[in-house]
Amino acid sequence: MIVKELIGREPVTINPESDLVKAAKLMKKEIVGSLLVIEGGEPKGIISERDIVYAIASDLPLTTKVREVMSTNLVTADAGTDVGEAAILMVGKGIRHLVVKEGNRVIGVVSLRDVARSLGLIATDLTIW
């Protein structure tokens with residue numbers, strides 16, 4: 001199996017000038033754990049639920065801009081990357097979200113949970129919890 005097969009939708013995106021509240025509300029609305037940060041049509045970073053929790057725990061105001069807390073070390077994989085290789089890459093880089101590209105175009109973001117489930121490492125659907 002390749003990572004492209006794990007992508008069920010276009011990536012959900014946000015502007016880096018948006019605030020944490022807008023990011024959290026968009027994640028809730030779209031039922032995703034991360035947002036791809038796009039500026040000038042280009043991916044500049046990613047913000048996850050964890051980033052927002054850490055920001056709040058660090059006493060940052062909810063008006064803090066996404067730009068200030070997003071991760072900018074985007075790790076990407078080609079759409080044809082084997083899922084097992086993607087898992088090794090993600091664990092090795094210590095990331096939970098992998099940006100998937102086809103050529104120069106971002107086609108989606110897969111989570112460590114998506115990868116683990118596809119490899120049979122998660123036997124049950126945890127979405128019910």
Side-chain angles (χ1 to χ4, degrees):
M1 177 176 270
I2 59 175
V3 290
K4 181 178 182 176
E5 296 175 82
L6 300 180
I7 298 170
R9 65 188 292 176
E10 292 279 323
V12 181
T13 64
I14 194 164
N15 183 291
E17 294 305 311
S18 297
D19 63 27
L20 297 181
V21 171
K22 183 173 182 180
K25 286 184 177 187
L26 183 56
M27 284 181 199
K28 179 184 177 196
K29 176 184 172 207
E30 296 293 331
I31 313 169
V32 294
S34 68
L35 304 169
L36 192 60
V37 183
I38 302 289
E39 185 173 41
E42 294 294 319
K44 298 296 182 184
I46 195 163
I47 185 166
S48 68
E49 295 166 322
R50 178 179 276 193
D51 294 326
I52 293 172
V53 168
Y54 280 31
I56 293 168
S58 297
D59 294 324
L60 293 177
L62 296 177
T63 55
T64 300
K65 303 295 182 202
V66 165
R67 171 183 312 282
E68 295 177 45
V69 298
M70 69 183 189
S71 299
T72 56
N73 61 332
L74 280 181
V75 178
T76 64
D78 181 74
T81 301
D82 179 79
V83 174
E85 291 175 33
I88 291 167
L89 175 64
M90 294 173 82
V91 170
K93 297 282 186 179
I95 60 169
R96 293 174 180 240
H97 298 93
L98 182 65
V99 177
V100 181
K101 296 177 96 174
E102 199 163 51
N104 289 329
R105 186 174 74 90
V106 173
I107 62 167
V109 177
V110 295
S111 71
L112 191 54
R113 180 183 289 175
D114 297 330
V115 170
R117 187 176 290 125
S118 75
L119 292 171
L121 300 175
I122 298 177
T124 59
D125 184 355
L126 299 178
T127 59
I128 62 170
W129 304 106

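All values derive from a computational prediction rather than experimental measurement. For the single chain, residues carry numbers from 1 onward in sequence order.
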Fill in: Student check: side-chain heavy atoms of E68 and L60 closer than 4.5 Å
no

Item to complete: Please examine the side chains of V69 and I47, heavy atoms only from C-beta on, and report whether any two atoms are closer than 4.5 Å.
Response: yes

Worksheet item: Run the side-chain hydrogen bond (donor to acceptor under 3.5 Å, both in side chains) check on D51 and S48 step by step: do they pass?
Response: CA-CA 5 Å; D51 294 326; S48 68; 3.3 Å; yes

Which pair of heavy atoms, one from [X] and one from [Y], lies closest together, and at what distance?
X: A87; Y: V115; result: CB-CG1, 3.5 Å
X: S118; Y: V83; result: OG-CG1, 3.0 Å
X: E102; Y: A79; result: OE2-CB, 4.0 Å
X: T81; Y: A86; result: CG2-N, 4.1 Å

Rounded distance (nearest 0.5 Å) linking atom [atom1] of [X] with atom [atom2] of [Y]:
X: T64; Y: I56; atom1: OG1; atom2: CD1; result: 9.0 Å
X: K28; Y: K25; atom1: NZ; atom2: NZ; result: 9.0 Å
X: L112; Y: R117; atom1: CG; atom2: CZ; result: 11.0 Å
X: I107; Y: K101; atom1: CD1; atom2: NZ; result: 11.0 Å
X: I14; Y: L36; atom1: CD1; atom2: CG; result: 11.0 Å

Is [X] linked to [Y] within one hydrophobic cluster, defined over Ile, Leu, Val, Met, Phe, Trp and Tyr using a side-chain heavy-atom separation of less than 4.5 Å?
X: I38; Y: M27; value: no
X: I52; Y: V37; value: yes
X: M70; Y: L62; value: yes
X: L74; Y: I95; value: no
X: V32; Y: L20; value: yes

Item to complete: For atom NZ of K22, decide whether the heavy atoms of other residues, nucleotides or ligands shown that lie under 6.0 angstrom number more than 12.
Response: no

Item to complete: Mind jotting down which residue pairs meet the side-chain hydrogen bond (donor to acceptor under 3.5 Å, both in side chains) criterion with at least one end in residues 6-19? Sequence neighbours excluded, please.
Response: R9-E30, E17-R67

Worksheet item: Can you name the side-chain hydrogen bond (donor to acceptor under 3.5 Å, both in side chains) partners of S111, sequence neighbours left out?
Response: D114

Worksheet item: Considering the options T76, I46, L98, V100, which one meets the side chain to side chain contact (heavy atoms under 4.5 Å, CB included) requirement together with V109?
Response: I46

